[in-house]
Amino acid sequence: SVRSRSQAESGKQWYQRRVRAGTTCNPSGQNDESAKKRKSNPDVPEMVESFKGWESEKQTNFVKGLLGEMCHEQHWQIDMALRPYLMRDFISALPEYVSEQILSYLDEQSLCRAERVSKRWREIICNGHLWRKLIIRNVKTKAIWERLGKRREWISHLHRAAEFGSEYYKELYPKIVQDLKMSNEMWKLGKLNLRKIDCASHDSKGVYCLQYDDEKIVSGLRDNTIKVWDLNSLKNTMTLTGHTGSVLCMQYDENIIITGSSDASIRIWDVKTGEPLHMLIHHVDAVLHLRFQNGIMVSCSKDRTIAVWTMSGNPQNIVMKHALVGHRAAVNVVDFDEKYIVSASGDRTIKVWGTEACEFIRTLQGHTRGIACLQYHGTLVVSGSSDCTIKLWDIEAGAILRTLEGHEELVRCIRFDSHRIVSGAYDGKIKVWDLKAALDPRTPVKDICIRTISEHKGRVFRLQFDEFQIVSSSHDDSIVIFDFLSPHDYYSDFSAIRPIHYSENSSIEDCDSDTTLRRLDSNNSLDSLDDSS
């Protein structure tokens, strides 16, 4: 027991106790008085001088021999004396460009600590513009940083280091973090900044589909046209005509716009000029949805089929590869990646197909009415139905992970990212849901819905969102932009920034759970429902 207690004590405490007791040991068994006498021995300086004249190997062997003759407390003292000699400031010792490269891998907390190590370290961080490089790294790797930089217009400052100086970027960094934090809070509690486009359709009113980027919104309308709007001024910059039926679905990239219509045709347009490039005829009824990426396009129709097309650089060379048949009612929506094609139908089922061979894999069943919308990413499928519910599925297991209730009518559109699910319904409401909470079976139902937005006066047909805004379209012939970016200007006064503390737990609004079922029979499709009253 005595041995265990002595082992628990630190070397320093044990040594001090032995000194007080006058029993400190040494190699010859003498006490401390003998050690003091030896220390004052006039021969010691001569020994040191003699030691200096030895070769390095002899010196090392001599010291090793001395250490072997010492006891534990002496070893501890030697260890403490050696530590300062063993510590090296390698950052200061290395060439500055190498030190900059090493420190450039630090995150913001480590970079703050590194600045406090020494004046030299701070000088290296300042000269290397490492705070600026950290912001650039985040912009390149995190889409939310890039999008915020464009919205707040500080992204152009990143390539003007000589003009702004190192301290500017050091102060800019916490402002960006604070701005992102407050924008996240705006999704839950903040007052929305609304902007609205009145599409001013002449005959039949309604905006069935849309897509937007940092510069424009492209929309497909019930009056058979495709209209392009400037995202900043909200003015109509281009109108495309050619379809003879409502434009029900669309997607565009940097080169082309592809649209599908109730006239059963798929048309390809030049995204910059609006010039019609090609028309595809395969489906024998309304084209309800389409998606394209990586040289493949998938379309679905009221005719109950799914068409898989191959695409090349030339819009004229889009060729149908396979027709997928299996649904017993109109196929309302499709989504796909390199592994699976996922389709949903008025027959109340979701079907999974292999993308490469186009073979049928499995059916997901659980909705009690027709399915109007879905999104698929990774292993997660999120679907919305005429039974007024949203379901989360594991595509590999075919299992329902969660059912969300709250909409009062058909859930017409749904999108999700890594944080949120956003849904729109025929009740005119848009609901925002916490995705992580929805995937956690321990989370109470009341804590999943973050907020409900009731701005549209008609059915919500389509929506898209990013970290700062939701853009939605409706039967009321409007496109509404809900902006969640904080109205506070964090960048005009640098002294206003305070240290930022994050919390894992945050309050989440409750949402209604009342539901009123609106039936979508298996022989009905979205376009027929949308066209009714």
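We count residues from 1, following the sequence as given. Note that these values count all heavy atoms, side chains included, but never hydrogens, waters or copies made by symmetry.
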Legend entry - Any donor-acceptor N or O pair under 3.5 Å, side chains D230, T237: no
Inset, instruction - Give, for atom NE2 of H243 and atom CD1 of I266, the distance between the pair rounded to the nearest 0.5 Å. - result: 9.0 Å
Inset, instruction - Please check if any side-chain donor atom of N314 sits under 3.5 Å from a side-chain acceptor atom of S312, or the reverse. - result: no
Legend entry - Contact summary for G326 and K351, nearest pair of heavy atoms: O-CE, 3.5 Å
Inset, instruction - Check whether any side-chain heavy atom of V382 lies under 4.5 Å from a side-chain heavy atom of I390, and answer yes or no. - result: yes
Legend entry - Backbone N/O of S246 and side chain of R222: donor-acceptor pair under 3.5 Å: no
Inset, instruction - Take I481 and L231, measure what side-chain contact (heavy atoms from CB on, under 4.5 Å) needs, and give me the verdict at the end. - result: CA-CA 9 Å; I481 302 165; L231 187 58; 3.9 Å; yes
Inset, instruction - Using modelled atom types only, decide if a donor and an acceptor are shared between the side chain of D347 and the backbone of H327 within a distance under 3.5 Å. - result: no
Legend entry - Parallel, tilted or perpendicular, as decided by the 30° and 60° cut-offs, for the rings of H157 and Y168: tilted
Legend entry - Distance (rounded to the nearest 0.5 Å) between Q365 CD and K391 NZ: 12.0 Å
Inset, instruction - To the nearest 0.5 angstrom, please state how far the CZ atom of R151 sits from the CD1 atom of I144. - result: 11.5 Å
Inset, instruction - Can you measure from CD (E359) to CD1 (I341) and round to the nearest 0.5 angstrom? - result: 9.0 Å
Legend entry - Over 12 non-hydrogen atoms of neighbours within 6.0 angstrom of CD in E356: no
Inset, instruction - Can you see which heavy atom on S473 is nearest to which on L210, and at what distance? - result: CB-CD2, 3.5 Å
Legend entry - Heavy-atom side-chain contact between V287 and L248 under 4.5 Å: no
Legend entry - Non-hydrogen side-chain atoms of F482 and I430 separated by less than 4.5 Å: yes
Inset, instruction - Would you mind reporting whether V460 and C413 have side-chain heavy atoms less than 4.5 Å apart? - result: yes
Inset, instruction - Assess whether atom CZ of F360 is packed by more than 12 heavy atoms of other residues, nucleotides or ligands within 6.0 Å. - result: yes
Inset, instruction - With rounding to the nearest 0.5 Å, note down the distance linking OG in S299 to CD1 in I258. - result: 10.0 Å
Legend entry - Side-chain donor-acceptor contact under 3.5 Å, K429 with S454: no
Inset, instruction - Start with the C-alpha distance between H419 and L435, add both sets of side-chain angles, then the distance that settles side-chain contact (heavy atoms from CB on, under 4.5 Å), and finish with yes or no. - result: CA-CA 5 Å; H419 302 289; L435 177 59; 5.9 Å; no
Inset, instruction - Count the heavy atoms of every other residue, nucleotide or ligand shown that sit under 6.0 Å from NZ of K321, and state whether that count exceeds 12. - result: yes
Inset, instruction - Look at the side chain of D434 and the backbone N and O of I448, then say whether any donor-acceptor pair between them is shorter than 3.5 Å. - result: no
Inset, instruction - Apply side-chain contact (heavy atoms from CB on, under 4.5 Å) to V308 and F336, showing your working. - result: CA-CA 11 Å; V308 182; F336 76 99; over 6 Å; no
Inset, instruction - In sequence, state the C-alpha distance, the side-chain angles, and the governing distance for E396 and R362, and then conclude on side-chain contact (heavy atoms from CB on, under 4.5 Å). - result: CA-CA 9 Å; E396 300 291 354; R362 66 178 62 92; 4.3 Å; yes
Inset, instruction - For T305 and A323, indicate whether the former's side chain and the latter's backbone hold a donor-acceptor pair under 3.5 Å. - result: no
Legend entry - E163 atom CD, neighbour heavy-atom count above 12 within 6.0 Å: yes
Legend entry - Sidechain-backbone polar pair: S474 side chain, R459 backbone, donor-acceptor under 3.5 Å: yes
Legend entry - Check: L364 main-chain N/O paired with T349 side-chain donor or acceptor under 3.5 Å: no
Legend entry - Minimum-distance pair of heavy atoms, taken over all atoms of E409 and A425: O-CB, 3.9 Å
Inset, instruction - Identify which one of D387, T389, D427 satisfies the side-chain hydrogen bond (donor to acceptor under 3.5 Å, both in side chains) criterion when paired with H407. - result: D427
Inset, instruction - May I ask you to check whether over 12 heavy atoms, not counting those of K272, lie within 6.0 Å of atom NZ? - result: no
Legend entry - Minimal non-hydrogen separation, V333 against C300, with atom names: N-SG, 3.7 Å
Inset, instruction - State whether the number of non-hydrogen atoms from other residues, nucleotides or ligands found under 6.0 Å of E153 atom CD is greater than 12. - result: no
Inset, instruction - Kindly say whether D263 contributes a backbone atom to a donor-acceptor pair with the side chain of T244 at under 3.5 angstrom? - result: no
Legend entry - Heavy-atom donor-acceptor pair, D337 side chain to Y340 backbone, under 3.5 Å: yes
Inset, instruction - Could you check if a side-chain atom of L392 sits within less than 4.5 angstrom of a side-chain atom of L404, using non-hydrogen atoms only? - result: yes
Legend entry - Point-to-point distance, once rounded to the nearest 0.5 Å, from CG of L463 to SG of C209: 12.5 Å
Legend entry - Flag side-chain contact, heavy atom, 4.5 Å: V207 against R462: no
Legend entry - Pairwise side-chain contact, I479 with V471, heavy-atom cut-off 4.5 Å (strictly under): yes
Inset, instruction - Report the relative orientation of the aromatic rings in W145 and Y173; use parallel for angles under 30°, tilted for 30 to 60°, perpendicular for over 60°. - result: tilted
Inset, instruction - Please confirm whether the backbone N or O of W229 pairs with a side-chain atom of N236, one donor and one acceptor, at under 3.5 Å? - result: no
Inset, instruction - Scan side-chain atoms only and decide if K227 and T239 contain a donor-acceptor pair under the 3.5 Å cut-off. - result: no
Inset, instruction - Find out whether W309 and L280 are in side-chain contact, i.e. whether some heavy atom of one side chain is under 4.5 Å from a heavy atom of the other. - result: yes
Legend entry - Nearest atoms (heavy-atom pairs only) where W433 meets S423: NE1-OG, 3.0 Å
Inset, instruction - Look only at the side chain of D483 and the backbone of Q469, and say whether a donor-acceptor pair between them is shorter than 3.5 Å. - result: no
Inset, instruction - Look at E215 together with K150 and state whether they make a salt bridge at an N to O cut-off of under 4.0 Å. - result: no
Legend entry - Distance-minimising heavy-atom pair for S383 and I414: O-CD1, 4.4 Å
Inset, instruction - Using the ring-ring contact (aromatic ring centres under 6.0 Å, His included) rule, pick out the option among F465, F468, W187 that qualifies with F484. - result: W187
